[in-house]
Amino acid sequence: MVEGLTWFESLVYSSVKNALLDCDIDVSSQRTLFVISTTKANIEHLQTSEYDTLEPAESANRIASVLGVVCQPLVVCNACISGVAALVTAQRLLESGGYDNAIVVGCDVISHFVVSGFQSLKALSPEPCRPFDIERLGLNLGEAAATMILSVNKPQTVSWKLVRGAIRNDGYHITSPSPKGDGCACAINYVTEGIALDTLSAVNVHGTATMYNDQMESKAIAASGLSAIPINTLKGYYGHTLGASGILETIITMHSVSHGELLATRGFSEIGVSGKVNISASPVSVSKHSFVKIISGFGGCNAAVYLEASSENKEDNEFREDCDYSVAHSVKITPYSIVVDGKQIEIDTSTDNILADIYKRHIGSYPKFYKMDRLSQLGFVASELLLNQEYPRLQQCADRAIVLFNHSSSVWVDCEYAKSIAIGDDYFPSPSLFVYTLPNIVCGEIAVRNGYHTETSFYIIPNKDENIMHEVLTSTFLDDSLQSILAGWIDYEDESHFEAELKLIIKSK
């Protein structure tokens, strides 16, 4: 433990310090980006009086201060894809030319809160997990912190380059992946576009050993033409490390491929998926020097990155023209008012549930609304009011992303879920509440409602900083499949303290 830091924060600090030993970068420079990937951060401190100072954004500030990082930290909270999503975000921001280096660290710790949640979903295996195996029973949980340093300045030695990344949503369901693996396949196809697939050494998959995830990934791999490429998953060695997994597994795969041997998939014995995949219970010799990392998570989100060994003679510094945008429509909701495109809309402030009243008055045609947590309800009504300003309203929009920010993560439903896991006779973990303790689920709900299959991302920052939000949004448009983003600030603490300020922004030509 580092004095003044929690266990989670100490792990992040130690991981970053170790990574920096091999790097000559100035952490005190405004051109050094600091990105943290996590799903629940300090959630084990939820019921202590100081929890408000241990929320992800405040925690990130404290870690940055101890490290000497002066750039405002950015927390990526995108369920299990958080680690890979953080790498994609950092890569874009570097490509935009605003930063020279990016420290990207992923971390999650095992807690009663997290374990009880996966128990409630009946997703945990009572024995070591068996990814892709016909006898697989579920996942194991692990705890880790892992750091990657991205830089626009090529080091003296041969290193790896993150060439391309993508985030895609199934637009299917917030907990069940698309049976055909549509979102995952779409992410793979984007990052491998223009690449000869037979030049890949491997695909490192998510491989949680749950029934539907492994099946979905096998279908996505086959649909992407990668059935012959060796695949592996590392969950059998140390379990599912949540927000750390994408970064940790990318690092291990880089080392593995560099040494010419793909690690065996521990726990695998007999194939138990219908998509054709090349998986082995033994190490596999590899001679090529590029690979794809894929990952999926709740909220229907999927991500992929393509990495290749960087040649000593190859110039790697490539900057892309920054993309700006214009605002097409806007909506702002608080406990006291609704403003849509500058016009005030009637609201009943005397009701016990303002969001339900807004839903009944202005929407009223999506009964699943009542199953959502408050943050998702807020996002849903705000997005409906916003998108109804389009004429005609676009459904199944193929080039629209969802990118949201807040400060307090999912604090309201975190507190509600915590009540269901109090030790004693009333121990009844609620699966319907647990899934909403991931703040990115609001993005998933909007994507499912509207049939969006492009990017969905959720970020946590200390306050509504328009500069940080603008940087992230303009860099998101570097994904050249995007033409518009449903973007903005959405925070819900309780019935008297919430705000949604969403905009429909259009990429400038």
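No hydrogens, no waters, no symmetry mates; every other heavy atom, side chains included, goes into these values.
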*Is the backbone of Ile421 close enough, under 3.5 Å, to the side chain of His112 for a donor and an acceptor to pair up by distance?*
yes
*Does the Ser14 side chain pair with the main chain of Ser10, one donor and one acceptor, at a distance under 3.5 Å?*
yes
_Under 3.5 Å side-chain donor-acceptor pair for Ser296 and Arg168_ = no
*So, His362 versus Glu384: side-chain donor-acceptor pair below 3.5 Å or not?*
no
_Would the distance check show the side chain of Ser218 and the main-chain N or O of Gln215 forming a donor-acceptor pair, the cut-off being under 3.5 Å?_
yes
*If you measure only the distance, is there a donor-acceptor pair under 3.5 Å linking the side chains of Asn302 and Asp170?*
yes
*Going by distance alone, is a donor N or O of one side chain under 3.5 Å from an acceptor N or O of the other, for Asn232 and Thr265?*
no
_Side-chain H-bond candidate by donor/acceptor type, Ser376 with Asp373, under 3.5 Å_ = yes
*Can you check ring-ring contact (aromatic ring centres under 6.0 Å, His included) on Phe118 and Phe434, steps first, answer last?*
CA-CA 8 Å; Phe118 280 97; Phe434 178 70; 5.7 Å; yes
*Starting from the C-alpha separation in whole Å, work towards a yes-or-no answer on side chain to side chain donor-acceptor pair (under 3.5 Å) for Asp465 and Gln72.*
CA-CA 10 Å; Asp465 188 318; Gln72 178 63 66; over 6 Å; no
*Mark yes or no: Arg449 above the aromatic ring of Tyr366, with NZ or CZ under 6.0 Å from the six-membered ring centre and no more than 45 degrees from the axis.*
yes
_Exercise: do Arg164 and Tyr306 side chains pair donor with acceptor under 3.5 Å_ = no
*Would you find a donor on one side and an acceptor on the other, under 3.5 Å apart, between the side chain of Glu416 and the backbone of Leu433?*
no
_What I want to find out is whether Glu127 reaches Arg136 closely enough, with some N-O distance under 4.0 Å, to be called a salt bridge._
no
*Decide yes or no for Thr192 and Val292: does some side-chain heavy atom of the first lie under 4.5 Å from some side-chain heavy atom of the second?*
yes
*Is the shortest distance from a Lys or Arg side-chain nitrogen in Glu249 or Lys235 to a carboxylate oxygen in the other one below 4.0 Å?*
yes
Show me the side-chain donor-acceptor pairs of residues 76-84 shorter than 3.5 Å, one per line, residues at least two apart or across chains.
residue: Asn78; atom: OD1; partner: Phe458; partner atom: N; Å: 3.4
residue: Asn78; atom: ND2; partner: Thr456; partner atom: O; Å: 3.1
residue: Ser82; atom: OG; partner: Asn78; partner atom: N; Å: 2.7
residue: Ser82; atom: OG; partner: Ala79; partner atom: N; Å: 3.4
residue: Ser82; atom: OG; partner: Ala79; partner atom: O; Å: 2.6

*Show the numbers, then the answer: is there a side chain to side chain donor-acceptor pair (under 3.5 Å) between Ser408 and Glu55?*
CA-CA 6 Å; Ser408 64; Glu55 291 171 347; 5.4 Å; no
*Which atom of Gly299 lies closest to which atom of Asn169, heavy atoms considered*: O-ND2, 2.9 Å
*Using only heavy-atom distances, determine whether the side chains of Thr89 and Tyr459 contain a donor-acceptor pair under 3.5 Å.*
yes
*asked:* Under 3.5 Å, is there a donor on one side chain and an acceptor on the other for Ser15 and Thr147?
replied: yes
*Looking just at side-chain N and O atoms, do Glu455 and Ser457 make a donor-acceptor pair shorter than 3.5 Å?*
yes
*Assess the side chains of Asn353 and Gln377: does a donor N or O sit below 3.5 Å from an acceptor N or O?*
no
_Nearest heavy atoms of Leu385 and Val340, plus distance in Å_ = O-CG1, 4.1 Å
*side-chain contact (heavy atoms from CB on, under 4.5 Å) evaluation trace for Val104 with Phe34*: CA-CA 6 Å; Val104 186; Phe34 186 37; over 6 Å; no
*Whether Glu445 side chain and Phe380 backbone form a donor-acceptor pair below 3.5 Å*: no
_Backbone of Thr351 reached by a side-chain donor or acceptor of Asp357 within 3.5 Å_ = no
*Are Ile231 and Thr233 close enough, and set up right, to give a side-chain contact (heavy atoms from CB on, under 4.5 Å), and what steps lead you there?*
CA-CA 7 Å; Ile231 74 165; Thr233 174; over 6 Å; no
*asked:* One pair to check against side-chain contact (heavy atoms from CB on, under 4.5 Å): Ile294 and Cys184. What are the steps and the verdict?
replied: CA-CA 8 Å; Ile294 63 175; Cys184 183; 3.9 Å; yes
_Minimum heavy-atom distance between Leu248 and Ala144, given as atom pair plus value_ = CD2-CB, 4.0 Å
_Where Ile271 and Ile134 come nearest, the two heavy atoms and their spacing_ = O-CB, 3.8 Å
_Does Tyr237, at its OH atom, have more than 12 non-hydrogen atoms belonging to other residues, nucleotides or ligands within less than 6.0 Å?_
yes
*May I ask you to decide if Ile468's main-chain N or O and Glu471's side chain share a donor-acceptor pair within less than 3.5 Å?*
no
*Is there a donor-acceptor contact under 3.5 Å linking the side chains of Tyr417 and Ser116?*
yes
_For a 4.5 angstrom cut-off between non-hydrogen side-chain atoms, does Arg400 reach Leu504?_
yes
*Does Asn140 use its side chain to pair, donor to acceptor, with the backbone of Cys129 at less than 3.5 Å?*
yes
*Under 3.5 Å, side chain of Asp108 to main-chain N/O of Gly243, donor-acceptor pair present?*
yes
*Can you tell me if Asn440 uses its side chain to pair, donor with acceptor, with the backbone of Cys443 under 3.5 Å?*
no
*Lys40 atom NZ, neighbour heavy-atom count above 12 within 6.0 Å*: yes
_Residue pair Ala187 / Ala166: nearest heavy atoms and the distance that separates them_ = O-CB, 4.0 Å
*Does any donor atom in the side chain of Glu143 or Trp7 lie under 3.5 Å from an acceptor atom in the other side chain?*
yes
_Asp479 and Ser481: side chain donor to acceptor below 3.5 Å_ = yes
*Should we count NZ of Lys276 as having more than 12 external heavy atoms under 6.0 Å?*
no
*Lys464, NZ atom: more than 12 neighbouring heavy atoms under 6.0 Å*: yes
*Determine, using ring centers only, whether Tyr370 and Tyr359 are less than 6.0 Å apart.*
yes
*For Gly444 and Ile174, which heavy atoms make the closest approach, and how far apart are they?*
C-CG2, 4.1 Å
_Counting C-beta onward and ignoring hydrogens, is there a side-chain heavy-atom pair between Asn61 and Pro462 closer than 4.5 Å?_
yes
*Under the side-chain contact (heavy atoms from CB on, under 4.5 Å) rule, what do Leu87 and Thr250 come out as? Steps first, then yes or no, please.*
CA-CA 10 Å; Leu87 292 174; Thr250 300; 4.2 Å; yes
*Are the aromatic ring centres of Phe132 and Phe268 under 6.0 angstrom apart?*
no
